[in-house]
Amino acid sequence: MFEKILVATDFSQSSRSAWFAAISLAARCLARIEVLHVVTYQQYVFDPARYGVPDEKWQNRIKDEMELEYAPRLYPNSRRNISVSASVPEAILDFAEKEACNLIIVGTHNRKMLGRMLMGSVAQEVVRNSKIPVM
């Protein structure tokens, strides 16, 4: 059924739920899981407390956080990836195509209508533009 599942993460609780859903499904299909975190340039402008000014160590800090949050021991047939892009949905879709993923799993925040209109939704954009199934 599914051979490779992409889980997009922003380290939120909904992303953790997507990770556990992917583990459950992948275990039944014997699929590989690709965990992807997309770093945008806006994160440095609007949230400097998270990673600070970009330096040569920022990737290591994100990798450490991914190893902690998405531990390989929970599903050994998984890999963690980091992408830098101006657009999170585009990066997710490009990665899924490049890695030949059969399914994309994304968590979504429970925003009200006004929040969705103002902020948009990464999950919505991925669903709208994906050529492969999205959960």
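For the single chain, residues carry numbers from 1 onward in sequence order.
A distance of 11.5 Å separates CD1 in Ile92 from CG in Asn129, rounded to the nearest 0.5 Å. Distance check, rounded to the nearest 0.5 Å: CD1 of Ile132 to CD1 of Ile5 gives 10.0 Å.
Residues passing the side chain to side chain donor-acceptor pair (under 3.5 Å) test with Ser83, sequence neighbours excluded: none. Judged as a salt bridge (Lys or Arg N to Asp or Glu O under 4.0 Å), and not counting sequence neighbours, the contacts of Arg128 are Glu125. Every residue two or more places apart in sequence or in another chain was checked for a salt bridge (Lys or Arg N to Asp or Glu O under 4.0 Å) with Glu97, and none qualifies.
You'll find the side chain of Trp19 stays beyond 4.5 Å of the side chain of Ser14, heavy atoms only. Within the 4.5 Å cutoff, no side-chain heavy atoms of Glu99 are placed close to those of Leu6. By the 4.5 Å heavy-atom criterion applied to side chains, Leu68 and Asp64 are not counted as neighbours. Contact of the Val7 side chain with the Leu36 side chain is not registered, since no non-hydrogen atoms from C-beta on lie closer than 4.5 Å. Using a 4.5 Å heavy-atom threshold, the side chains of Arg80 and Glu65 count as separate.
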Exercise for the section: Please step through side chain to side chain contact (heavy atoms under 4.5 Å, CB included) for the pair Met66 and Phe11, ending with a clear verdict. Expected result: CA-CA 8 Å; Met66 287 184 82; Phe11 300 108; 3.4 Å; yes
Exercise for the section: Could you give me the CA-CA distance, side-chain angles and deciding distance for Asn81 and His37, then say whether side chain to side chain contact (heavy atoms under 4.5 Å, CB included) is met? Expected result: CA-CA 6 Å; Asn81 304 279; His37 176 68; over 6 Å; no
Handout entry: Worked check of side chain to side chain donor-acceptor pair (under 3.5 Å) between Ser15 and Ser12
Key = CA-CA 5 Å; Ser15 293; Ser12 66; 3.3 Å; yes
Problem - Verdict with reasoning, Tyr70 to Ile33, per side chain to side chain contact (heavy atoms under 4.5 Å, CB included) - result: CA-CA 11 Å; Tyr70 304 95; Ile33 297 176; over 6 Å; no
Practice task
Apply side chain to side chain contact (heavy atoms under 4.5 Å, CB included) to Tyr75 and Phe20, showing your working.
Solution key: CA-CA 10 Å; Tyr75 194 78; Phe20 289 116; over 6 Å; no
Pairs under 3.5 angstrom only: tabulate donor-acceptor contacts from the side chains of residues 24-32 to other protein residues two or more places apart or in another chain.
unit_1 : atom_1 : unit_2 : atom_2 : d
Ser24  : OG     : Arg28  : NH2    : 2.9
Arg28  : NE     : Ser24  : O      : 3.2
Arg32  : NE     : Glu34  : OE2    : 3.0
Arg32  : NH1    : Asn77  : OD1    : 3.2

Show me the donor-acceptor pairs within less than 3.5 Å that the side chains of residues 100-107 make with the rest of the protein, sequence neighbours left out.
unit_1 : atom_1 : unit_2 : atom_2 : d
Asn102 : OD1    : Glu3   : N      : 2.9
Asn102 : OD1    : Lys4   : N      : 2.9

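Among residues at least two apart or in separate chains, there is no ring-ring contact (aromatic ring centres under 6.0 Å, His included) pair with a member in residues 78-101.
Remark: the backbone N or O of Val127 is not paired with any side-chain donor or acceptor of Ser130 at under 3.5 angstrom.
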